[in-house]
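Notes follow once the structure below has been shown.
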Amino acid sequence: MCQYLHLLFVSVVIKSAQNYYLARAGWQSGFNKMSSPVIFPYKNLIPIEPGERTPVYLQIAQGMTHLIRNGHLPANHKLPGTRTLSKLLGVHRKTIVAGFNELEMQGWITVLPNKGCFVKNRKAETVKGQLVSFPQVTGYSITTHTLLDHVADNVSSKLSFDDGQPDIRLAYTEQLSARYTTALGRKINRRLWKYQPGIENTFFKNQLVNFLNSTRGLRASPKNIITTRGTEMNLYLAAQALLSVNDWVIVGNPSYHKANMVFQQAGAVLKPVPVDHNGIDVDAIKRLCKRQPVKMVYITPHCHYPTTVILTTERRLQLLELSYRFGFIILEDDYDYDFNFNRNTELPLASIDDKGMVVYVGSFCKTLSPGFRTGFIVAPENLIREINKLKAIIDSNGDPVMEQVLGEMIAEGEIMRHLKKMHQIYRSRRDHFCNQINKMLYSKVDYKLPQGGLAVWLPFRTRLNLSAVSKACLAGGLQLPATLLYQTKDLTALRLGFATLNDIECAVALKILSKAIAVQSA
């Protein structure tokens, strides 16, 4: 603390001295004939310890170097004369001369006859292996991954739409805090802090298996599961383990943009197929399979991203049969499975797959909160072993404390109680959101009430400039990120999350959106 306060004091002193001096002297770039900055607090900022092994002149040179490198003595700044500085620091003038000679030799200052000593304008030049600033670019060529370019919108408004995230204000904060405190307080859990590459938390694995089998009917064992840090890591590991360059991967049109990026980065060729009110078009998949071997079909059957439609039972069975016939992998991403508002819940394809063609992925990131990064991959044992090898490279230890806490929450039924509570809140918010849409936008959009997930898909009846709508919303105090805008020759639509908005916020947000759309429609 004392060290921090000292640094804070030094910073304030430096800034005050610089501001005062620059204001008085009218400092300009280039060498000039300004008077020496005697007000600069050299005595305070260049500590000298006569009893140290380092000679005093080197201590002075090192102190000056530190001030220059941190920008406190700017480029072209004139230093005090040797006599003046010797008086300020209380040392012999010859000591200052020796210090200046050292600084000049190292390239920190320039000595001009009859003018004085000036801080050299070095920018990023190297001096004896040291840099004034870190290089901004590499000295060698690198591969730029343009496929992965993704510029996130900076949220600058109090109100903002998302693509279907949970409300962090409703997060399980107090319970999680208590759980972490208890888990960290047990002596037996100190083992979790060790570096344990490849060693899994058996307790958590067993609880996770029980949870997935009871809620999704998977019939899995601990050997069929690997834990990850969320959906994106699930997709990345699966793609790295399963895909090769030029493999065909079928996705819905439209589909989850991050999944598309992951598959393309792995070298795969994307083949989009239509998505209608019954889900992904299985007949279109069949036609593609007859043309060329397909390696993988990526689906979000419980709540298609972004259109929110549910893949029907008939199409699920047809897709599974095609997989058996043509040998393609089904990557089933059930990112929103825990939020189903329909009593007749469709079980995952993985629950009825008896030939090992389905790789099932999901997470707890929406169940608890996006910052609670725990996901899972469920697949046959041989694939899990291969994925585990890849995971060991980038995340060998995982988060054992988080896993312990989550395992205890599952074992004691807290997860199910929390989900039941969130179901009631989010169902109410969905209904209110859709009622407001019916009042404000019904003539503009053609949508259906989503039976699951935390977002609504709004296709417009006529074409609109969605970028202009987004700008108008921002001017009105509402953020409408670019990732929610779907605009092609044949489609104009928005995917709007409703879970993060309470009833009042929802009404205000939709009113701003409705006004922006009305202006563009006029």
The test is side chain to side chain contact (heavy atoms under 4.5 Å, CB included); show your working for M422 and H418 and say whether it passes. CA-CA 6 Å; M422 292 302 100; H418 176 68; 3.6 Å; yes

Show your reasoning for whether salt bridge (Lys or Arg N to Asp or Glu O under 4.0 Å) applies to E346 and R315. CA-CA 12 Å; E346 291 277 1; R315 287 195 179 180; over 6 Å; no

Stepwise ring-ring contact (aromatic ring centres under 6.0 Å, His included) test for Y486 and W457: CA-CA 10 Å; Y486 291 81; W457 177 247; 5.2 Å; yes

Steps toward salt bridge (Lys or Arg N to Asp or Glu O under 4.0 Å) verdict (R373, D399): CA-CA 9 Å; R373 306 304 299 173; D399 190 336; over 6 Å; no

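L454 has its side chain within reach of Y426: a pair of non-hydrogen atoms, C-beta onward, lies under 4.5 Å apart. Within the 4.5 Å cutoff, the side chain of V469 has no heavy atoms near those of the N465 side chain. Contact check for L383 versus L242: side-chain heavy atoms found under the 4.5 Å cut-off. In this structure, L406 and I415 have side chains that are in contact, with non-hydrogen atoms separated by less than 4.5 Å.
Side-chain N/O atoms of T374 and E403 include no donor and acceptor closer than 3.5 Å. Side-chain polar atoms of Q165 and T500 form no donor-acceptor pair below 3.5 angstrom. Residues T312 and N278 bring no donor and acceptor atom of their side chains to less than 3.5 Å of each other.
Judged by the 6.0 Å and 45° rule, K444 forms no cation-pi pair with F460.
Salt bridge present: D167 and R429 bring a charged side-chain N and a carboxylate O closer than 4.0 Å. In summary, D395 and R229 engage in a salt bridge, as defined by a charged side-chain N under 4.0 Å from a carboxylate O.
Not counting sequence neighbours, the partners of S351 by the side chain to side chain contact (heavy atoms under 4.5 Å, CB included) test are L218, L347, P348.
Between F433 and F161, the ring planes lie perpendicular to each other; the angle is over 60°, past the 30° to 60° tilted range.
In terms of modelled atom types and a separation under 3.5 Å, the side chain of N210 and the main chain of N206 share a donor-acceptor contact. Although no hydrogens or angles enter the test, the distance criterion places a donor-acceptor pair under 3.5 Å between the side chain of R316 and the main chain of L311. Judged purely by atom type and a 3.5 angstrom limit, R463 uses its side chain to pair as donor or acceptor with the backbone of K489.
Sorted by first and then second residue, the ring pair (Phe, Tyr, Trp, His ring centres under 6.0 Å) pairs involving residues 202-238 (not counting sequence neighbours) are F211-F364. Applying the side chain to side chain donor-acceptor pair (under 3.5 Å) test to pairs two or more places apart or on separate chains, those with a residue in residues 215-225 are R216-D338, R216-Y360, S221-N224. Counting only residues at least two apart or in different chains, salt bridge (Lys or Arg N to Asp or Glu O under 4.0 Å) contacts with residues 471-485 are absent. For residues 406-421, every residue pair satisfying the salt bridge (Lys or Arg N to Asp or Glu O under 4.0 Å) rule, not counting sequence neighbours, is listed here: R179-E408, R179-E412, R179-E414, R186-E408. For residues 494-522, no pair satisfies ring pair (Phe, Tyr, Trp, His ring centres under 6.0 Å), with sequence neighbours left out.
Among the candidates F328, F263, W248, the single residue satisfying the ring pair (Phe, Tyr, Trp, His ring centres under 6.0 Å) test with Y298 is F263. None of Y337, F339, Y335 except one satisfies the ring pair (Phe, Tyr, Trp, His ring centres under 6.0 Å) rule with H302; the exception is Y337.
The two residues A516 and A472 have their closest heavy-atom pair at CB-CB, 3.7 Å.
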